[in-house]
Amino acid sequence: MRAWPIADLFLCVGLSVSLAGQAQSEEGALTLALHRAAESAAAYQQSVPNFTCDETIRSELRKGRKVKFHVDTTGSFRVIRTADLPTESRHIVTANGKAVQDGDRFPLPIVMIGGFGNGIPLYFGASRQACFLYSISAGRIDFEALPDVPKRAECNGVAPQARGFALFDATGAITHIERRVPDAVALSTNFATFTALDYTPVAMNGHVFTLPSHVMSEIPKNNLMATFDAHYSACHLYSGTITLEPANTN
């Protein structure tokens, strides 16, 4: 009869040690994953050159599954490096299969900017990690914005009440990010209710960068759902031409 309490004691002690070891292992895995993500964000912010990509966009308004209106575009997308998050701009060449001329106006149901700056650097940059609570599971990091994000200068650009996750491969490279915010927050702050980014390695200027290849966002608009779906390819260094005229000696 007395052997059972002793056995129970050994079992409880063993279980406690096992759980403590598991917690330490998960904490170490999370620390390593966040460190790798911060390094990737830093490499992008500090080393990425100015570059341009081919861009295709489908922007539409839906009611349920029925598309009410859409615009398909092709063009180029330019990213210019800055001290913080990079600046982005686009040049649209065609809209719904027709060439776009200077001065042409056509309404896009929704236009998103920030996919290249508001991805890995925003959610996993070293200074931004103070804005989130993280947890880790196999091949995945979940994140949640802290309640005081709107009051913290270092959290500029982080949507209030944001929740999401990132997937990473065996090397630790992030391959996918999803983020959601409540509809009410999205409407009051102009953040998308849902954003998803797919990443791929791109070689430029002798380095390999993890860049978005697909960006998708949604936001409610006048009882409809506005959707932005963009794909990026053929990213390369951006270059310009400068013509020097002979000096005027007159």
Side-chain angles (χ1 to χ4, degrees), residues 31-57 73-93 111-132 134 139-141 143 145 153-159 162 164-179 191-192 195-217 228-242:
T31 299
L32 177 59
L34 291 177
H35 178 71
R36 286 175 172 172
E39 285 184 333
S40 178
Y44 179 75
Q45 291 175 278
Q46 298 169 10
S47 305
V48 68
N50 298 336
F51 65 92
T52 185
C53 304
D54 294 341
E55 179 185 53
T56 61
I57 298 172
T73 71
T74 65
S76 60
F77 188 83
R78 186 182 304 171
V79 177
I80 304 298
R81 177 180 168 186
T82 65
D84 188 24
L85 300 178
T87 60
E88 305 172 2
S89 61
R90 59 174 46 93
H91 174 64
I92 295 177
V93 177
V111 177
M112 300 300 297
I113 204 78
F116 280 73
N118 294 338
I120 295 175
L122 181 66
Y123 300 113
F124 297 102
S127 63
R128 308 279 176 156
Q129 290 185 11
C131 307
F132 297 95
Y134 299 93
R140 170 172 169 150
I141 302 175
F143 58 84
E154 68 270 27
C155 300
N156 180 44
V158 176
F165 66 88
L167 303 179
F168 55 93
D169 62 19
T171 70
I174 290 176
T175 59
H176 180 80
I177 294 177
E178 289 188 16
R179 188 272 293 149
F191 282 102
T195 297
L197 303 99
D198 292 312
Y199 287 90
T200 189
V202 177
M204 289 189 297
N205 202 30
H207 299 276
V208 176
F209 301 97
T210 302
L211 302 180
S213 59
H214 178 216
V215 176
M216 190 269 190
S217 294
F228 175 89
D229 198 340
H231 292 263
Y232 301 91
S233 60
C235 296
H236 57 277
L237 293 178
Y238 172 72
S239 60
T241 301
I242 299 176

- N/O donor-acceptor pair under 3.5 Å between Glu88 side chain and Phe116 backbone: yes

- Test item: Val158 and Phe132 side chains (from C-beta on) under 4.5 Å apart, heavy atoms: yes

- Check: His207 side chain, Val48 main-chain N or O, donor-acceptor pair, under 3.5 Å: no

- Shortest non-hydrogen separation from Gly157 to Leu122 and the atoms involved: O-CD2, 3.5 Å

- Roughly how far, to the nearest 0.5 Å, is the NE2 atom of His231 from the OG atom of Ser213? 8.0 Å

- Mind checking whether Ile57 and Phe228 have side chains closer than 4.5 Å, heavy atoms only? yes

- Query: Roughly how far apart are Asp198 CG and Ile174 CD1, rounded to 0.5 Å?
  - Reply: 12.5 Å

- Taking atom types as modelled and ignoring hydrogens, do the side chains of Tyr123 and Arg128 form a donor-acceptor contact shorter than 3.5 angstrom? no

- Item | Set of side chain to side chain donor-acceptor pair (under 3.5 Å) partners for His91, sequence neighbours left out | none

- Of the non-hydrogen atoms in Arg179 and Ala162, which two are nearest, and what is the gap between them? CD-CB, 3.8 Å

- Task: Sequence neighbours left out, what passes side chain to side chain donor-acceptor pair (under 3.5 Å) with His236? Give chain and number order.
- Result: none

- Can you tell me how far CZ of Phe168 sits from CD1 of Ile141, rounded to the nearest 0.5 angstrom? 5.0 Å

- Distance (rounded to the nearest 0.5 Å) between Thr195 OG1 and Glu178 CD: 10.0 Å

- Item | side chain to side chain donor-acceptor pair (under 3.5 Å) partners for Thr74, two or more places apart | Thr94

- CG on Leu211 to CG on Leu197, rounded to 0.5 Å: 11.5 Å

- Query: Is a side-chain donor or acceptor of Arg78 paired with a backbone partner of Cys53 at a separation under 3.5 angstrom?
  - Reply: no

- Message: Quick check: do Tyr134 and Gln129 have side-chain heavy atoms less than 4.5 Å from each other?
- Response: yes

- Task: Hey, could you give me the OG/CG distance between Ser217 and Asp229, rounded to the nearest 0.5 Å?
- Result: 9.0 Å

- Residue pairs fulfilling salt bridge (charged side-chain N to carboxylate O under 4.0 Å, His left out) with at least one residue in residues 42-55, sequence neighbours excluded: Glu55-Arg90

- Report the residues that fulfil side chain to side chain contact (heavy atoms under 4.5 Å, CB included) with Ser40, sequence neighbours left out, ordered by chain and then residue number. Ile120, Thr210

- Query: Are His214 and Tyr199 side-chain neighbours, meaning at least one heavy-atom pair lies under 4.5 Å?
  - Reply: no

- List in chain and number order the residues that pass salt bridge (Lys or Arg N to Asp or Glu O under 4.0 Å) with Arg36, two or more places apart in sequence or in another chain; answer none if no residue qualifies. none

- Any idea how Phe124 and Phe143 line up, ring-wise: parallel (<30°), tilted (30 to 60°), or perpendicular (>60°)? perpendicular

